[in-house]
There are 2 protein chains.
Amino acid sequence: MTIKALNDVEIPQVCRSCSARHDGMCASLTPAELGVLATHTRHTHHRPGEALAIESDEITSYANVTDGVVKLSRVLRDGRQQLVGLQFAPDLMGRLFGTESPITAEAASEVDLCRVPKLVLETLVAGSNELKRRLLDQSLQELDEAREWMVTLGRKTAAERVASLLLLVASRTAGGSEASPVSFELPLGRGDMADFLGLTIETVSRQISKLRNEGLVTIENHRHVTVPDLAALRRRAG
Amino acid sequence: MTIKALNDVEIPQVCRSCSARHDGMCASLTPAELGVLATHTRHTHHRPGEALAIESDEITSYANVTDGVVKLSRVLRDGRQQLVGLQFAPDLMGRLFGTESPITAEAASEVDLCRVPKLVLETLVAGSNELKRRLLDQSLQELDEAREWMVTLGRKTAAERVASLLLLVASRTAGGSEASPVSFELPLGRGDMADFLGLTIETVSRQISKLRNEGLVTIENHRHVTVPDLAALRRRAG
DNA sequence: CGCAGGTTTGAATGTCGTCAAACCAAGTGG
DNA sequence: CCACTTGGTTTGACGACATTCAAACCTGCG
């Protein structure tokens, strides 16, 4: 597949079913480029726990998360696991020119992806300075998030860690609105929360109970969280 | 300063005193571009503990670390501190188009920098696809390193963390040679090690003593480390 | 109803943090 | 030259917080 072939697509036709969620990769493209993109995307749905095989896979593609949450994790040889990132819609997953590092991607909830073959996206990137810039910005933002989380893992108490995670989920799923009260669904079970926070399941559960007793959150069905005062929770998060 | 003005520099003259350490930013430039770079660089030396004010500073520049080690850190409001990265020569510090995040940079040891004004480097970047690519690669590598360290902070024991740090320093200062025994100087004091590892000074000291008793390292003057068996230390690091 | 998976709670243990003192090397001044 | 300070490191005793092991508890589902 050559650049010429890609540009020969006749009708600029936007990837209809998910274009609204395509900010990560579409916002900087021309109509023609969007047309190219639309003809090569493939939409897939995944169940919770399903491996997505985006990273450290030779035959790799890139994907926009159009719905749901994807967890990125690394494991030690003896089985200890640490989540190193969460991807919410509309994040772009996968890495151009990627140096392989043994990260695995897995659906945390029901997940919809809009996949793009590696070659197509790389060709589009080669022709778009805007897209290059966006890619750099995305990786820098992920770097900032990773470093922020290093502070959480290295210096916060268990209760502060849990509060930090609740804030993170709230900011990414509840539209980033600053207004309290906020209400949202946890995309992660207690086990995944523990793996993200560097704690055990039991400790996570205890600290959630503690935050509940402190009146900082109310919880129904183990998953549905309501935060009456976002600022108070933020204070509790250290 | 315009692109034209930059390109009008007459003699391609390499940044003499540190070009050998310039891999990070020079390797992909044309002779003319190197000339531009050379006429605008400024070399500075810094004492341990000196703030470098690279990030989160409005009047910012970029810099190659030509010698020594720089520590990047974040602090919580109540003063708790976490190192989120170490920059060894010849890393490039600073961030193009940076979204500000409150990271501070400080010399960990005696440090030599080769600074480049923000505008100059951004202009060079605009004209060089190779340089854009290198910048992306660098940020992706830092992302990998940050995530690797998240595993260390979230899932490793105190002794494993210390072993991990010794391996990190060994790999970056001892030329990346895989051959044992390896010998190197620690660029960090116990306090900085603790801040990087998410531990206290006392715990770091105790764990170092433990590794010494286990025969995995020998230490002189609190700073000079010898690792008789790199593979054994790697095993101990989890 | 009863099972299965995930969650919560309890009691005991252990690892790391806190507080405190001793140690050590280098530098200063009498 | 030696006493004294200073900053960093090491070691010890104790306590707190998170883990471990174990049991009880939901919630959804066959």
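In what follows, chains carry the letters A, B, and so on, assigned in the order in which the sequence lines appear, proteins first and then strands, with residues in each chain numbered from 1.
- Between A:D195 and B:R155, at least one side-chain N (NZ, or NE/NH1/NH2) sits under 4.0 Å from a carboxylate O, which counts as a salt bridge.
- The NE2-P distance, from A:H224 to D:dT27, rounds to 15 Å in whole Å.
- You won't find any donor-acceptor pair under 3.5 Å spanning the side chain of B:R223 and the base of D:dG8, going by distance alone.
- The separation between B:D192 atom CG and D:dG7 atom C1' is 14 Å, rounded to whole Å.
- Using a 4.5 Å heavy-atom cutoff, the side chains of A:V225 and A:V227 are in contact.
- Sequence order on DNA chain C of the closest nucleotides to A:R155 and A:G189 puts A:G189 first from the 5' end.
- Screening B:R147, B:E145, B:R95 against A:L143 for a side-chain contact (heavy atoms from CB on, under 4.5 Å) leaves a single residue, B:R95.
- What separates CD of A:E202 from P of D:dT19 is a distance of 9 Å, to the nearest Å.
- Think of the region where chain B sits on DNA chain C: with heavy atoms and a 4.0 Å cut, that region ends 5' and 3' at C:dC16 to C:dC19.
- Remark: B:D78 CG is packed, more than 12 non-hydrogen atoms of other residues, nucleotides or ligands lying under 6.0 Å away.
- Going from atom CD1 of B:I201 over to atom P of D:dT9 covers 7 Å, rounded to whole Å.
- Per the geometry, CZ belonging to B:R206 stands 13 Å off P belonging to D:dC14, to the nearest Å.
- The pair B:R236-B:E160 does not meet the salt-bridge criterion, since no charged nitrogen lies less than 4.0 angstrom from a carboxylate oxygen.
- To the nearest angstrom, C1' of D:dG8 lies 13 Å from CE of B:M193.
- For the pair B:E185 and B:R223, the salt-bridge criterion is not met [side-chain N within less than 4.0 Å of a carboxylate O].
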Please list, for nucleotides 15-18 of chain D, all pairs of protein and nucleotide N/O atoms separated by less than 3.5 Å.
from	atom 1	to	atom 2	distance (Å)
D:dA18	OP1	A:A158	N	2.8

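- The shortest non-hydrogen separation linking B:W149 to B:L197 is CZ2-CD2, 3.5 Å.
- A:E142 CD to A:M93 CE: the interatomic distance, rounded to the nearest 0.5 Å, is 9.5 Å.
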Evaluate salt bridge (Lys or Arg N to Asp or Glu O under 4.0 Å) for A:D144 paired with B:R74, printing each intermediate quantity in order.
-> CA-CA 11 Å; A:D144 284 340; B:R74 298 189 51 149; 6.0 Å; no
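- Regarding B:N221, its CG atom lies at a distance of 12 Å from the P atom of D:dT9, rounded to whole Å.
- Remark: the B:R212 side chain and the D:dT9 base include no donor-acceptor N/O pair separated by less than 3.5 Å.
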